[in-house]
Amino acid sequence: MTLACKTIVSPVGRLKLVAGETGLVAILWEKDGPDRVRLGALVEEPGHPILAETEKQLGAYFAGTLRAFTVPLDFRGTDFQKSVWAALLTIPFGETRSYAEIARQIGRPTACRAVGAANGRNPISIIAPCHRVIGSDGSLTGFGGGIAAKEHLLGLESAAP
């Protein structure tokens, strides 16, 4: 199945938005390689309604006027990955969680490393807020968009009223 895509410019760099028929499939970083998120065939379709709505909501998020996204999501991954990505969606705006906290939340308290791996393969960055996951010691750990982007996103959320 071919997926629709559109590239937008954001404060954290160029982002490629990818959608299927029922929801957003991915938000890819400029430096993403083909192995982080495997998607298949893509066709540029800037007018796709899900892509247009995603762009609108991301614009409002970056402007500081949106705290919760409502665009439909279409996660594609293993059951374990989907459970981690669903847990990401429960992290409130402006808050963070550790990998260990996410592992406990999904009922796999010893799976911190696997949670980290699933977090790193999160296909819907920003909306499924993998940037809100930090080390148990409070350190900012790896992030698909780079640590500078993670700092920017966390800063944006902490500065919001």
Novice: Would Leu156 and Val133 show up in the same hydrophobic cluster when neighbours are defined by side-chain heavy atoms closer than 4.5 Å?
Specialist: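 Both belong to a single hydrophobic cluster.
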Novice: Run the side chain to side chain contact (heavy atoms under 4.5 Å, CB included) test against Ala100 and tell me which residues pass, sequence neighbours left out.
Specialist: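 If we apply the side chain to side chain contact (heavy atoms under 4.5 Å, CB included) test to Ala100, skipping adjacent residues, the hits are Ser98, Arg104, Cys112, Ser136.
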Novice: Just how far is it from atom CD of Glu45 to atom OG1 of Thr2, taken to the nearest 0.5 Å?
Specialist: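 The OG1 atom of Thr2 is 10.0 Å from CD of Glu45, to the nearest 0.5 Å.
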Novice: For Glu53, check side chain to side chain contact (heavy atoms under 4.5 Å, CB included) against everything at least two apart and list the hits.
Specialist: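 For Glu53 the side chain to side chain contact (heavy atoms under 4.5 Å, CB included) partners, ignoring immediate neighbours, are Lys56, Gln57.
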Novice: Tell me, please, which residues at least two apart from Thr65 pass side chain to side chain contact (heavy atoms under 4.5 Å, CB included).
Specialist: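 Ala60, Ala63.
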Novice: With the side chain counted from C-beta on, respond yes when Phe69 and Thr54 share a heavy-atom pair under 4.5 Å apart, and no when they do not.
Specialist: no
Novice: Check the pair Leu153 / Arg132 against side-chain contact (heavy atoms from CB on, under 4.5 Å), numbers first and verdict last.
Specialist: CA-CA 9 Å; Leu153 296 171; Arg132 295 181 191 154; over 6 Å; no
Novice: Per the salt bridge (charged side-chain N to carboxylate O under 4.0 Å, His left out) rule, what does the pair list look like for residues 1-25, sequence neighbours excluded?
Specialist: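 For residues 1-25: Lys6-Glu55.
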Novice: Here's a test for you: under side-chain contact (heavy atoms from CB on, under 4.5 Å), which of Val84, Thr78, Asp79 qualifies with Gln81?
Specialist: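 For Gln81, the side-chain contact (heavy atoms from CB on, under 4.5 Å) check succeeds only for Thr78.
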Novice: Checking side-chain contact (heavy atoms from CB on, under 4.5 Å) for the pair Phe75/Ile124: CA distance, chi angles, key distance, verdict?
Specialist: CA-CA 8 Å; Phe75 282 114; Ile124 309 177; 3.6 Å; yes
Novice: Which residues pass the salt bridge (Lys or Arg N to Asp or Glu O under 4.0 Å) test with Glu30, sequence neighbours left out?
Specialist: none
Novice: Would you please test Leu58 and Ile27 for side-chain contact (heavy atoms from CB on, under 4.5 Å) and show each step?
Specialist: CA-CA 11 Å; Leu58 284 170; Ile27 297 177; 4.1 Å; yes
Novice: What about Leu66 and Leu154, same hydrophobic cluster or not, with Ile/Leu/Val/Met/Phe/Trp/Tyr joined at side-chain heavy-atom distances under 4.5 Å?
Specialist: no
Novice: Show me the side-chain donor-acceptor pairs of residues 86-97 shorter than 3.5 Å, one per line, residues at least two apart or across chains.
Specialist:
| unit_1 | atom_1 | unit_2 | atom_2 | d |
| --- | --- | --- | --- | --- |
| Thr90 | OG1 | Ala87 | O | 2.6 |
| Thr90 | OG1 | Gln105 | NE2 | 2.9 |
| Glu95 | OE1 | Arg97 | NH1 | 3.1 |
| Glu95 | OE1 | Arg97 | NH2 | 3.1 |

